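Structure, as structure tokens:
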Amino acid sequence: MPGKIVLEEHFALPDTIDDSERYFTPDAWPTMRRRLLDFHEERIRQMDRFGIQLALVSLNAPGVQSVLDARQAIDLSQRANDFLAEQVRKDPARFQGLAALPMQDPDAAAQELTRCVAELGFRGALVSGFSQIGSPDSVAYYDQREYWPFWETVEKLAVPFYLHPRDVLPSQARIYEGHPWLFGAPWSFGVETAGHALRLMGSGLFDAYPKLTIVLGHLGEGLPPAIWRIDHRIAKAPRGIPAKKKLADYLRQNFYVTTSGNFCTGTLQNAIQELGASRIMFSVDYPFEDFGEAAEWFDNLNLSGEERSKIGSGNAEALFKLRTATPALQGAKE
Ligand code: GRE
Ligand code: ZN
């Protein structure tokens, strides 16, 4: 399918490039490094080759979220977002931006998102999980009350918030001791991110801000097949859960999922069954994943024409309001 749109595609600044190295063997790293730092050469060639019209690009993980000092987190976000805006300006038909945010300071995060949307034309935010604030062992999750004014701003701006994975802190990872292969993308990213998303749902956040939209990668970080049992057991022992609805209702009404890094047909079918094709969007997770592998999988799936067109581009176009932002999509047919 030509004209595909992808949403979880990363770049790095020289300041953040080292964050990604730990996930790769020494022989794989030089290619990843080169691809994270490139925008207009190899990235564009690959997009052309595999039928990808537009990429929403974001900073690599954990990026801003692991900066302990709030001032430095604010500074890094601004520099990352200004750099990204400059790249988008060079080629807005192919690239749009998702903002990095200094969640260490909720007011500053709201301000930076407002600046990114109003002044830089960004389409939303991508935040890599919890933030450390002040000390390496601190963990701030965004269901906490101090974040609710931030969420009010996100809802007012009417832009999606992509909740991207980061790793559990080493001090909290006893279950993985002696099993380093479980860190990161194979397992701990998903557990961490699904847990964070469940906290948002259970906290009542979406009762207070029903128009909030959260995007999850990796076909929903395991939540679509898990959500029935979660609700089933919470109903038997609610233990004071503030949320007014079943968590599946929030998953269906406040969340979208992307196919980033999860090119598994059975898992996609389950996501379609649980959420509907209108809430699923094609994505890759470049450069950690290959445009070619993702596109060949997607282009050969047995989907109806309508499903393919929605998942491949239509849902993203509508959710991120890409037609008004992106010259090349303006003339494109429905
Ligand atoms: C990601 O950002 O999704 C990611 C990493 C590191 C390794 C794999 C991966 O940050 O998908
Ligand atoms: Zn990613």
Side-chain angles (χ1 to χ4, degrees), residues 5-13 15-39 43 46-47 52 55-67 76 80 84 95-101 123-132 160-170 173 176 180-197 214-223 256-264 267 280-294 297 316 320:
I5 297 175
V6 290
L7 315 173
E8 190 192 316
E9 321 307 324
H10 305 297
F11 76 99
L13 294 178
D15 299 58
T16 65
I17 187 79
D18 293 346
D19 284 7
S20 297
E21 185 172 4
R22 75 192 80 150
Y23 296 108
F24 296 95
T25 55
D27 58 313
W29 175 239
T31 302
M32 288 302 143
R33 187 177 192 285
R34 182 186 73 233
R35 290 179 172 178
L36 277 165
L37 294 169
D38 158 69
F39 248 91
R43 196 183 289 261
Q46 296 253 347
M47 288 166 62
I52 291 158
L56 271 64
V57 186
S58 51
L59 191 63
N60 64 325
V64 175
Q65 270 55 65
S66 63
V67 176
L76 177 60
L84 177 55
F95 297 123
Q96 291 286 313
L98 293 179
L101 296 180
R123 312 319 299 163
L126 182 141
V127 168
S128 287
F130 65 84
S131 288
Q132 288 156 279
F161 180 100
Y162 202 124
L163 184 64
H164 184 272
R166 69 169 292 180
D167 241 328
V168 60
L169 293 177
Y176 306 127
W181 49 86
L182 292 173
F183 277 108
W187 182 249
S188 80
F189 275 2
V191 172
E192 175 62 38
T193 311
H196 198 163
I214 310 291
V215 182
L216 295 175
H218 314 107
L219 284 172
E221 311 291 2
L223 288 174
Y256 283 69
V257 305
T258 76
T259 67
S260 65
N262 200 347
F263 316 126
C264 174
T267 308
I280 300 169
M281 301 179 286
F282 179 62
S283 288
V284 178
D285 213 344
Y286 182 85
F288 307 121
E289 301 285 345
D290 296 324
F291 281 130
E293 185 182 0
W297 169 72
F320 291 92

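Given the structure is predicted, the values throughout are model-derived calculations rather than measurements. Whatever order the structure lists ligands and atoms in, that order sets their numbers, starting from 1.
- Taking the Zn ion (ligand 2) as the apex, the angle formed with OE2 of E8 and NE2 of H10 is 120°, to the nearest 10 degrees.
- The nearest protein atom to atom 10 (O) of ligand 1, hydrogens excluded, is given as F288 CE1, 3.5 Å; this is a heavy-atom distance.
- With hydrogens and angles disregarded, a donor-acceptor distance shorter than 3.5 Å links the side chain of D38 to the backbone of R43.
- At least one heavy atom of E8 lies less than 4.0 angstrom from ligand 1.
- With rounding to the nearest 0.5 angstrom, the CD atom of E9 is 7.0 Å from the CG atom of L7.
- For ligand 1, the atoms lying closer than 4.0 Å to a non-hydrogen atom of A185 are 8 (C).
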**Item:** Verdict with reasoning, E289 to S260, per side-chain contact (heavy atoms from CB on, under 4.5 Å)
**Value:** CA-CA 8 Å; E289 301 285 345; S260 65; over 6 Å; no

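- Looking at D285, its N, O or S atom nearest to the Zn ion (ligand 2) turns out to be OD1.
- Put simply, the side chain of R123 gets close to the backbone of F320: a donor and an acceptor are under 3.5 Å apart.
- Of all N, O or S atoms in H164, the one lying closest to the Zn ion (ligand 2) is NE2.
- Aromatic pair Y23/F288: ring centres not closer than 6.0 Å.
- Close approach of ligand 1 to H10 (heavy-atom distance below 4.0 Å) involves ligand atoms 2 (O).
- Numbered from 1 in the order shown, with element, the atoms of ligand 1 that lie under 4.0 Å from a heavy atom of D285 read 1 (C), 2 (O), 3 (O), 11 (O).
- Of all protein heavy atoms, the one lying nearest to atom 6 (C) of ligand 1 is Y23 CD1, 3.6 Å.
- For the side chain to side chain contact (heavy atoms under 4.5 Å, CB included) with V67, the qualifying choice from D15, L76, T16 is L76, the only one to do so.
- With Y286 as the aromatic partner, R35 does not meet the cation-pi criteria of under 6.0 angstrom to the ring centre and within 45 degrees of the ring axis.
- Taking every non-hydrogen atom of H164 and a distance limit under 4.0 Å, the qualifying atoms of ligand 1 come out as 1 (C), 2 (O), 3 (O).
- In this structure a side-chain-to-backbone donor-acceptor pair under 3.5 Å is present from S188 to G184.
- Residue E9: no N/O/S atom is found under 2.8 Å from the Zn ion (ligand 2).
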